[in-house]
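Below, chain A is the first sequence line, B the second, and so on; all start at residue 1.
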Amino acid sequence: MVRTRTEIVPNVLPRAFYNRPTLTVARALLGKVLVHRTPEGVASGMIVETEAYIGEDDPACHAAPGPTRRNAPLYGRPGMAYVYLNYGVHYLVNAVTEAEGRPAAVLIRALEPLDGIELMLKRRGLPLRTSASVPRASICRGPGNLSRALGISLSENLLDLTSGQLTMEDRGFRVTRVSRGPRIGIRVAVERPWRFWIGGHPAVSGGRIRA
DNA sequence: CGTTCGATGCACT
DNA sequence: GTGCATCGAACGT
């Protein structure tokens, strides 16, 4: 039968993908695609930057104080979404990793926009076409920005990333030049090199582009 | 270029 | 009451 462009089999990442050491998952998520389907349309982007937050022994992880109402998703099944409000302004998206009862997650920090660029521009309140002043790479640069562009908020907390409206997919993008360094924007455990990004990619956050 | 700082909501102690 | 896994505007150099 004829296969059209819109009939591409969505290769959604299975739960086993997340049921692994968090650093492994953080690295493996580079090049994968985060997809959000809403009545407004589909918005997606290729992951170009991640950070690992691992266990109660990691002072920067939300699980550091032990189980609370807010961090409960971290103690649950791998492959679920953990979304929370940060600074009262931004929603941050994580994928829960490791195993049930072992609190850890990967924060998605930046995407290269793929589907639904106009919808994402609209959600971000940007001009409806990219330009020199509003480059495509800026649409989903930074964890707060990508959530807003994809329309992700607290309603998406605890969604199953292995099926349904919010998923992670493998579209076959090959990632070379993986860089690794300290996490950004935290005030404790700043030395742990648990941030991963695609070296030189323009959508990576954190000021100047790093190798 | 660089750095500083206010906005803004809520979980947690 | 305190402190954020941020962002972007407003400054200073």
>> One character per nucleotide, please: for nucleotides 5-10 of chain B, 5' to 3', B when the base has a protein heavy atom closer than 4.0 Å, S when only the sugar-phosphate does, - otherwise.
In response: ---BB-
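Counting heavy atoms from C-beta on, the side chains of A/W197 and A/T50 never come closer than 4.5 Å. Side-chain contact between A/L34 and A/L146 is present, with heavy atoms from C-beta onward closer than 4.5 Å.
Atom pair A/L126:CG and C/dC7:C1' shows a separation of 13 Å (rounding to whole Å applied). Between A/L107 atom CG and C/dT6 atom C1' the separation is 11 Å, expressed in whole Å. The nearest whole Å value for the distance from the CD1 atom in A/I186 to the P atom in C/dG3 is 17 Å. One interatomic measurement links the two molecules: NE2 of A/H62 to P of B/dT13, which rounds to 13 Å at whole-angstrom precision. Atom CG in A/N157 sits about 11 Å away from atom P in B/dA11, given to the nearest Å. Regarding A/I184, its CD1 atom lies at a distance of 8 Å from the P atom of C/dT6, rounded to whole Å. One atom, OH of A/Y91, and another, P of B/dA11, lie 11 Å apart when rounded to the nearest Å. One atom, CG of A/N71, and another, C1' of C/dC4, lie 14 Å apart when rounded to the nearest Å.
At a cut-off of 3.5 Å, with distance as the only test, a side-chain donor of A/R109 or A/S205 sits close to an acceptor on the other residue. Of the N and O atoms on the side chains of A/R123 and A/T38, at least one donor lies less than 3.5 Å from an acceptor on the other residue.
Between A/R187 and C/dC4, a side-chain N or O to OP1/OP2 separation shorter than 4.0 Å is present. The phosphate of C/dC7 (OP1 or OP2) has no side-chain N or O of A/R148 nearer than 4.0 angstrom.
Comparing atom distances between the A/N94 side chain and each of C/dA5, C/dG8, B/dT13 picks out C/dA5 as nearest.
Here A/E51 does not pair with A/R183 in a salt bridge; the nearest charged N to carboxylate O distance is not below 4.0 Å. Salt-bridge check for A/R37 with A/E169: passed, with a basic side-chain N closer than 4.0 Å to an acidic carboxylate O.
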> Could you go step by step and tell me if A/Q165 and A/E156 meet the side chain to side chain contact (heavy atoms under 4.5 Å, CB included) rule?
Replying inline: CA-CA 9 Å; A/Q165 79 177 64; A/E156 280 68 42; 3.2 Å; yes
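Helical stems involving DNA chain C, defined as 3 or more consecutive Watson-Crick or G-U pairs under 3.5 Å, span B:1-7 with C:6-12, B:9-12 with C:1-4.
With C1' as the reference atom, B/dC10 and C/dG8 are 22 Å apart, rounded to whole Å.
Within the cation-pi definition used here (under 6.0 Å to the ring centroid, within 45° of the axis), A/R20 qualifies as a partner of A/F17.
A 6.0 Å sphere centred on CZ of A/R70 holds more than 12 heavy atoms belonging to other residues, nucleotides or ligands.
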